[in-house]
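To keep things clear, I will list the structure first and then write my remarks on it.
Atom set for the values below is all heavy atoms of this structure, side chains included, hydrogens, waters and symmetry mates excluded. Sequence lines set the chain letters: A, B, ... in the order given, protein chains first and strands last, and positions in each chain run from 1.
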Amino acid sequence: MSLYARYAALLDGVLDELVPEGVVPAEAERRAVAVEPPRDTAHGDLAINAAMVLAKAARTNPRALAGEIAPRLEALPEVTSAEIAGPGFINLKLSPDAWRTELDTIVRQAGAYGRSDIGSGERVNVEYVSANPTGPLHVGHCRGAVVGDSLANLLAAAGYQVVREYYVNDAGAQVDTLARSLHLRYREALGEGIGEIPEGLYPGDYLVPVGAALAEEFGDCFAGEDEDVWLELFRSRAISAMLDLIRHDLALLGIRHDRFASEAELQRSGAADEALEVLRNKSLVYQGVLERPKSLDPLDDWAPEELTLFRSTQFGDDQDRPMQRPDGRWTYFGTDAAYHWQKAREADHLVNIWVKRVQAAVRALTDGRVDLDVKLVQMVRLFRAGEPVKMSKRSSSFVTLADVVREVGKDVVRFMMLTRRADAPLDFDFAHVVEASQENPVFYVQYAHARISSLGRKAAEAGLSLDARADLGLLDEEELALVKLAAQYPRTVEAAATTHEPHRIAFYLYDLAAAFHALWHRGNDDPARRFIVENNPQLSRARLELALAIGQIIRSGLALMGVAATEEMR
RNA sequence: GCGCCCGUAGCUCAGUCGGAUAGAGCACGAGCCUUCUAAGCUUGGGGUCGCAGGUUCGAAUCCUGCCGGGCGCGCCA
């Protein structure tokens with residue numbers, strides 16, 4: 001249990017004591033009661049808002065209620081003072097020993113520090129990337145991939161059971177186009193001159209080796225044949241080759257999905273019929289005609305048709321959604337709803353990174369048991385030394401994911417993608433992100449870790465044993481302030497996990513690194529304030545303990561982001 | 001036309017289920033290298049939190065309207 005959680009429990013006990021005395025009503029809602037770090041560290045170590053939150057229910061004013069609560073908190077063993085401040089905050093100061101114990105806990109728990117069980121084993125399905133299997137991933141997929149993967153890491157650390165899933169859209173017309181493109185490459189491999197790739201087919205040369213393999217395996221027996229002879233074979237070969245490509249690209253970012261769910265398979269399984277049946281039984285399906293879509297070009301043909309519609313508007317959607325066409329074929333929404341229903345059967349929470357509009361269907365199909373969070377990840381704008389990188393839609397001038405990783409490295413890509421909230425656009429400058437300066441947060445955080453690693457090496461050279469127990473009583477106020485910041489790591493992880501906001505880890509690590517760099521530089525003015533002090537092994541040992549704890553947290557935090565912690569800078 | 005997101009320092013952005021004097025980096029000004037890597041640190045100035053109402057003991061945060069920007073809006077995939 002984290003320090004903040006421990007004090008939240010202690011506070012709860014104090015409030016319980018006040019119930020029989022009639023000070024706090026038993027039925028008072030305590031959900032908003034919080035134990036937090038104060039905004040200003042001068043206020044103390046822990047800020048408690050209980051009196052302000054409960055004053056109304058207790059029919060008194062916040063400061064009066066605080067007067068009842070504070071003395072009982074002050075009586076707790078590690079609390080040195082409980083002051084009432086401002087509108088009714090209770091600010092606790094903890095004894096230095098409390099923080100020394102916390103420091104000890106960080107080092108002892110190592111990688112487990114910051115993990116929690118707030119997810120209590122609930123199942124979360126995180127679906128991310130899900131790019132169409134028609135070619136390599138491009139840079140636009142990077143951000144969703146990183147956000148999804150890091151979020152999955154966070155949820156796992158917070159005690160959820162996580163499934164990482166990729167939805168393969170392998171049933172639509174675009175995979176037939178892919179198959180035709182492959183057939184062209186196949187004929188090319190047989191020595192036929194194919195000239196320019198016709199408009200509407202995929203021109204990328206990643207299909208060349210796949211075509212060559214088919215030529216090798218089957219010779220020319222499909223060369224002059226009609227499409228219905230070879231389409232299915234070529235489609236399945238193309239898709240599996242593209243998925244290999246995609247898996248390879250994802251591996252460059254250190255990403256591995258647990259499950260690749262196939263749309264085609266889903267359709268064959270009859271899941272869509274089942275989903276429709278469920279909705280029908282809830283009277284949420286009717287035959288109807290939709291209005292002409294607003295975004296449609298006025299010149300485009302459009303004829304109203306009677307469709308099988310889901311009453312999506314009953315669940316807050318802006319229009320009812322078609323499930324089936326008049327000829328009985330499933331719409332994209334139809335299979336997508338079925339797909340999410342299938343996921344929901346084995347999960348308590350669903351998270352989608354990217355664009356899907358199936359919340360209403362999930363709510364309807366699961367009677368609200370399963371929630372779906374759709375995280376819309378905004379564009380990444382690419383720059384090179386301030387100049388926008390032009391990306392034409394035509395063929396190969398797309399910057400691929402592999403290009404970016406090759407140029408700046410996995411760690412830089414992953415970290416940078418988490419330096420903004422997911423729903424804000426992100427600028428990514430190739431020149432900027434490889435700079436070794438404070439402007440580059442990746443470097444800045446890794447530099448702090450490298451400095452700590454270097455301390456470990458120096459300590460070993462100086463013959464300092466890490467086996468000896470450190471006397472943490474030797475740490476001063478400034479050093480304990482760093483411990484206090486470190487102690488916020490567990491609640492930061494919990495908050496990032498529950499809000500589905502992995503960027504919070506990046507910002508926290510940046511703050512922690514800044515605080516460490518500042519402490520490090522005390523040694524510039526005064527050698528006695530360095531981490532390793534000559535002829536003072538006890539003090540050095542204690543400070544080393546602090547440095548190791550900070551290093552541990554940076555490592556853990558970076559691991560959640562999927563970024564390696566470097567041992568030294570080069 | 002409708003929906004979602006955003007509007008915070010000159011620039012790029014954080015801001016804890018509403019809480020105390022709104023923060024960081026860059027840029028600008030002033031300091032700090034015979035060093036455990038100065039690839040860094042310290043410090044100063046700089047804000048009508050888009051605008052106007054509302055809810056509240058308390059609003060950058062919640063609600064309503066307006067202004068400005070982004071994204072999305074097929075029975076396609």
Please state the C1' separation for the pair B/G23 and B/G15 - nearest whole angstrom. 7 Å

Salt-bridged, A/D429 to A/R384, with N to O below 4.0 Å? no

When you get a sec, tell me which of B/C17, B/A20, B/C13 is the closest nucleotide to the side chain of A/A32? B/C17

May I ask you to say what A/D429 touches in the nucleic acid, namely base, sugar-phosphate or nothing, with a heavy-atom cut-off under 4.0 Å? nothing

Check this for me: does any side-chain nitrogen of one of A/R381 and A/D427 sit under 4.0 Å from a carboxylate oxygen of the other? yes

Using a heavy-atom cut-off of 4.0 Å across all strands, would you classify A/A47 as base, sugar-phosphate, or nothing? base

Which of the following nucleotides, B/U37, B/A14, B/A20, is nearest to the side chain of A/R39? B/A20

Heavy atoms only, 4.0 Å cut-off, all strands: where does A/D423 land among base, sugar-phosphate and nothing? sugar-phosphate

Mind calculating the distance between NZ (A/K375) and C1' (B/C4) to the nearest angstrom? 13 Å

Taking only side-chain N and O atoms of A/Y510, does any of them lie within less than 4.0 angstrom of OP1 or OP2 on B/G23? no

Which value, in whole Å, describes the distance between the C1' atoms of nucleotides B/G69 and B/A30? 38 Å

Given the C1' atoms of B/G53 and B/U12, what is the spacing between them in whole Å? 32 Å

Gap in Å between the two C1' atoms, one belonging to B/G68 and one to B/G50, rounded: 7 Å

Compare the minimum distances between each of B/C75, B/G40, B/G19 and the side chain of A/M52, then state the nucleotide with the smallest one. B/G19

Does A/E478 CD have over 12 foreign heavy atoms under 6.0 Å away? yes

Watson-Crick or G-U wobble partner for B/C4, using a 3.5 Å limit on both distances? B/G70

Just call it for A/N132: base, sugar-phosphate, or nothing, with non-hydrogen atoms closer than 4.0 Å on any strand. sugar-phosphate

Side-chain N or O of A/H521 less than 4.0 angstrom from OP1 or OP2 on B/U37? no

Mind checking A/A303 for me? I need base, sugar-phosphate or nothing, with any heavy atom below 4.0 Å counting as a touch. base

Consider side chain to side chain contact (heavy atoms under 4.5 Å, CB included). Of A/N49, A/L65, A/V23, which one does A/L54 pass it with? A/L65

If the threshold is 4.0 Å, N to carboxylate O, is there a salt bridge linking A/R457 and A/E461? no

Any A/R421 side-chain N or O less than 4.0 Å from OP1/OP2 of B/G15: yes

Regarding the side chain of A/E568, the nearest nucleotide among B/C75, B/G40, B/U37 is B/U37

Using only modelled atom types and a 3.5 angstrom limit, is any donor from either the side chain of A/N49 or the base of B/A20 paired with an acceptor on the other? no

NA contact type, A/P304, heavy-atom cut-off 4.0 Å: base, sugar-phosphate, or nothing? base

On RNA chain B, compare the nucleotides closest to A/F507 and A/A518; which residue's is nearer the 5' end? A/F507

Please report the distance separating the C1' of B/C2 from the corresponding atom of B/U61, rounded so that it comes out in whole Å. 27 Å

Choosing from B/G15, B/C36, B/U37, which nucleotide comes nearest the side chain of A/Y447? B/U37

Regarding A/A173, tell me which of base, sugar-phosphate or nothing describes its non-hydrogen contacts under 4.0 Å with the strands shown. sugar-phosphate

If the C1' atom of B/U48 is compared with that of B/U8, how far apart are they to the nearest Å? 12 Å

So does A/E83 have more than 12 non-hydrogen atoms from other groups sitting under 6.0 Å from CD? no

At 4.0 Å (heavy atoms only), tell me whether A/E305 reaches a base, stays on the sugar-phosphate, or touches nothing. base

Taking only N and O in the side chain of A/S454, is any of them less than 4.0 Å away from OP1 or OP2 of B/U37? yes

